[in-house]
Amino acid sequence: MTSSSSEYARIVDLPAHAGRSVRVRGWVTHVRSSGKVAFVVIRDGSGILQVVLVKSTVSPESWERFGTLTQETSVEIEGEVRLDKRAPGGVELGATSLEVEGPSPGDYPIQPKEHGIDFLLDHRHLWLRSERQRAILRVRAEIEQAIRDFFYERDFTLVDTPILTAAIGERSGLFATEYFDEGNAYLAQTGQLYGEAAAAALGKIYCFGPTFRAEKSKTRRHLTEFWMCEPEVAFNDSNDNMKLQEEFISFIVARVLERKQKELAELERDVSKLETVKAPFPRIDYNDAVKILQSKGSEVKWGDDLGAEDESLLVEGADRPVFIFNYPKEAKAFYMKENPADPRTVLCDDCLAPEGYGEIIGGSQREDDYDRLLERIKEEKLPLDAYGWYLDLRKYGTFVHSGFGLGLERTVAWICGLPHIREASPFPRLMNRLRP
RNA sequence: UCCCCAGUAGCUCAGUUGGUUAGAGCGCACGACUGUUAAUCGUGAUGUCGUAGGUUCGAGUCCUACCUGGGGAGCCA
């Protein structure tokens with residue numbers, strides 16, 4: 001430790017300290033030397049700083065320590081803050097002393113060059129330190145904050161739903177674990193059913209937390225663990241639901257554009273593709289979607305669910321997300337409300353992001369008729385005893401209600417323009433990847 | 001579960017119709033250089049060619065199986 005009286009400063013704050021002596025702590029990202037002048041680039045989480053060491057103006061010990069610096073050595077450097085056009089960012093530190101906090105052996109795996117994805121995921125704990133990954137994490141955090149602010153401003157109550165559940169929810173794969181004398185517990189695939197219970201208590205609620213799908217999916221859109229935000233609103237019908245969704249997404253995008261320009265630039269995101277994301281979004285009835293697809297040469301028939309390729313065709317050329325609504329009953333979950341105008345379909349919507357990112361929201365009005373819901377549970381051969389409490393919500397003062405689930409990582413991937421969802425999560429869980 | 005592709009140095013990759021001693025760049029080590037921007041220049045070290053069989057005088061190269069990974073389908077957010 002140096003015994004100087006200089007104050008510690010974060011790199012981001014350095015312009016305000018111009019002309020003064022400060023101490024900065026961080027990790028070495030880069031070292032360059034030209035004999036008697038050396039450059040050390042360090043990162044402290046707030047920014048990146050070029051430090052200049054001149055042999056004649058630092059102690060021999062400091063100069064010698066410079067020679068030991070390798071990528072990711074953690075250091076404490078004291079020096080004078082200077083505004084200099086030659087420095088990246090316009091500010092640099094003229095070092096007067098350099099101390100090594102924690103050495104790094106010089107075999108740091110992640111170099112300033114291209115790596116394969118497998119290698120990077122194996123080193124995810126270190127990959128996070130690179131500039132691009134830091135930008136993604138900051139945008140993700142901003143999106144999460146925007147989600148909370150959006151609902152807080154609209155007087156929704158945050159309700160945390162359980163992660164350990166009995167078999168309930170959707171049909172796709174479940175992660176099971178033993179649970180005392182109760183048989184198997186399953187990791188939650190959705191908080192929605194609990195959200196419906198809470199909506200009858202609080203009117204407007206949302207849950208936001210991790211959710212789990214044991215599907216053996218190997219695509220750029222799937223994780224086995226992901227975060228989902230699920231609002232549920234009493235007395236909202238399907239149209240109200242879509243209106244809430246388009247306002248929600250527009251709010252999130254506007255917030256990121258307002259506060260995370262630097263990160264979007266680092267990610268080389270074409271922000272003109274985000275600036276057009278404003279409510280209202282186009283709405284395409286499923287019947288029309290099938291006709292459009294057939295006219296574009298798709299083999300799709302009425303009654304089929306829409307595949308990834310179909311979704312891309314429908315969103316082709318759109319400058320904002322697109323709703324496809326009222327799908328055939330067979331293609332959707334048991335809890336969705338039958339469409340009174342066409343009982344072959346249910347009142348629901350998928351919100352498809354542009355630029356090929358696909359479904360970021362699935363939403364629906366919920367079946368509020370006790371008998372019809374019971375019938376649907378039986379049709380799907382779901383364990384009736386697990387759904388008794390869910391039917392109670394229709395037994396005691398049933399109510400029109402609707403809600404949706406927004407996939408956080410898919411939203412992050414779209415807004416950041418990422419080629420694969422795994423970069424949208426700090427430690428992504430895939431079917432063949434549980435570590436780091 | 002199905003379809004396609006790939007495994008060669010720490011990393012990214014090249015390696016001809018099968019041919020004798022296995023290649024480059026980056027990184028790393030040592031050296032030179034007083035303003036570098038992924039600095040530059042010189043010198044040097046580094047390999048179970050995914051695994052196991054097979055064909056052949058000879059296999060990184062051809063064949064079979066397996067393993068691992070990537071992309072896609074399905075499922076969905």
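- The CZ atom of A/Arg124 sits 18 Å away from the P atom of B/G69 (whole-angstrom rounding).
- Among the nucleotides B/G71, B/A73, B/G35, the one closest to the side chain of A/Arg221 is B/A73.
- The residue A/Gln71 sits apart from the nucleic acid: no heavy atom pair falls under 4.0 Å.
- B/G18 and B/G60 have their P atoms separated by 13 Å, with the value rounded to a whole Å.
- Ion pairing between A/Glu76 and A/Arg23 holds under the 4.0 Å rule for side-chain N and carboxylate O.
- The distance from atom CZ of A/Arg32 to atom P of B/G27 is 12 Å, rounded to the nearest whole Å.
- Minimum atom distance to the side chain of A/Arg422 is reached by B/G71, of the listed B/G71, B/A77, B/A29.
- Atom CG of A/Leu49 is separated from atom P of B/G35 by 20 Å (rounded to the nearest Å).
- For A/His420, the side-chain atoms get nearest to B/G71 when compared with the rest of B/A77, B/G71, B/G35.
- Comparing B/A38, B/A77, B/C11 against the side chain of A/Phe119 picks out B/C11 as the nearest.
- The separation of B/A14 from B/A73, taken at their P atoms, amounts to 26 Å, rounded to a whole angstrom.
- To the nearest angstrom, C1' of B/G72 lies 15 Å from CG of A/Asn432.
- Between the P atoms of B/G47 and B/C63, the separation comes to 29 Å (whole Å).
- Rounded to whole angstrom, the span from the CE atom of A/Met431 across to the C1' atom of B/C76 amounts to 15 Å.
- Ranked by how close their nearest RNA chain B nucleotide is to the 5' end, A/Ala308 and A/Asp350 are led by A/Ala308.
- Using a 4.0 Å heavy-atom cutoff across all strands shown, A/Gly358 reaches no nucleic acid atom at all.
- A cation-pi arrangement is absent between A/Arg148 and A/Phe150 under the rule of less than 6.0 angstrom and at most 45 degrees off the ring axis.
- Residue-level contact check: A/Ile361 touches the backbone only, with heavy atoms under 4.0 Å from sugar-phosphate atoms and none from bases.
- Across all strands shown, A/Ile117 has heavy atoms under 4.0 Å from sugar-phosphate atoms exclusively, and none from any base.
- Both the sub-6.0 Å distance and the 45° axial angle are satisfied by A/Arg154 relative to the ring of A/Phe251.
- Within 3.5 Å, a donor on the side chain of A/Arg410 pairs with an acceptor on the base of B/C76, or the reverse.
- Looking at heavy-atom distances under 4.0 Å, A/Asp118 makes contact with sugar-phosphate atoms alone, never a base.
- Between the side chain of A/His115 and the base of B/C11, no donor-acceptor pair under 3.5 Å is found.
- Of the candidates B/G35, B/G72, B/G69, the closest approach to any side-chain atom of A/Arg220 belongs to B/G72.
- If you take atom C1' in B/C62 and the same atom in B/A24, they sit 26 Å apart, rounded to whole Å.
- Among B/C75, B/U34, B/A77, the nucleotide with an atom closest to any side-chain atom of A/Arg213 is B/A77.
- The residue A/Lys218 sits close to a base: some heavy atom pair falls under 4.0 Å.
- Using a 4.0 Å heavy-atom cutoff across all strands shown, A/Glu92 reaches at least one base atom of the nucleic acid.
- Across every strand in view, B/G25 sits in a pair with B/C11 that passes the Watson-Crick or G-U test at under 3.5 angstrom.
- A 3.5 Å limit on both hydrogen-bonding distances identifies no Watson-Crick or G-U partner for B/U16.
- Closest to the A/Ile421 side chain, of the nucleotides B/G35, B/A77, B/C76, is B/A77.
- By the stacking rule of 5.5 Å between ring centres and under 30° between planes, A/Phe226 stacks on the base of B/A77.
- At least one side-chain heavy atom of A/Arg269 sits under 4.5 Å from a side-chain heavy atom of A/Leu274.
- Atom name C1', nucleotides B/G15 and B/C57: the rounded distance is 23 Å, in whole Å.
- Taking the C1' atoms as reference points, B/G35 lies 46 Å from B/G71, given to the whole Å.
- Within 4.0 Å (heavy atoms only), A/Ala38 reaches no atom of the nucleic acid at all.
- Taking a cutoff of 4.0 Å between a charged side-chain nitrogen and a carboxylate oxygen, A/Asp118 and A/Arg433 qualify as a salt bridge.
- Nucleotides B/U51 and B/G7 place their P atoms 13 Å apart, quoted to the nearest Å.
- Residue A/Glu215 places its side chain closer to B/C75 than to any other of B/C75, B/G71, B/G35.
- The nucleotide B/C2 finds its pairing partner in B/G72, both defining distances of the Watson-Crick or G-U wobble pair being shorter than 3.5 Å.
- Shown here, B/G42 forms a base pair with B/C30; the pair counts as Watson-Crick or G-U wobble because both key distances fall under 3.5 Å.
- Heavy atoms of A/Thr411 sit nowhere under 4.0 angstrom from any nucleic acid atom.
- Between the base of B/U12 and the side chain of A/Gln111 there is no donor-acceptor pair shorter than 3.5 Å.
- Contact annotation for A/Pro88: base contact, defined as any heavy-atom pair under 4.0 Å involving a base atom.
- For the pair A/Leu121 and A/Gly307, both in contact range of RNA chain B, the more 5′-proximal nearest nucleotide belongs to A/Leu121.
- Among the heavy atoms of the strands, none lies under 4.0 Å from A/Leu406.
- For the pair A/Trp127 CH2 and B/C11 C1', the interatomic distance rounds to 15 Å; values are reported in whole Å.
- Of the candidate nucleotides B/G35, B/A77, B/G70, B/A77 has the atom nearest to the side chain of A/His222.
- Residues A/Arg376 and A/Glu380 are paired through a salt bridge, judged by an N-O separation under 4.0 Å between the basic side chain and the carboxylate.
- B/C66 and B/G42 have their C1' atoms separated by 48 Å, given to the nearest Å.
- In summary, A/Asp122 and A/Arg435 do not engage in a salt bridge, as defined by a charged side-chain N under 4.0 Å from a carboxylate O.
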May I have the step-by-step check of side-chain contact (heavy atoms from CB on, under 4.5 Å) for A/Val37 and A/Leu53, ending in yes or no? CA-CA 6 Å; A/Val37 175; A/Leu53 279 95; over 6 Å; no

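- The neighbour count for A/Trp127 CH2, taken as heavy atoms of other residues, nucleotides or ligands under 6.0 Å away, is above 12.
- Nucleotide B/U61 has no partner under the Watson-Crick or G-U criteria, as no pair reaches both atom distances under 3.5 Å.
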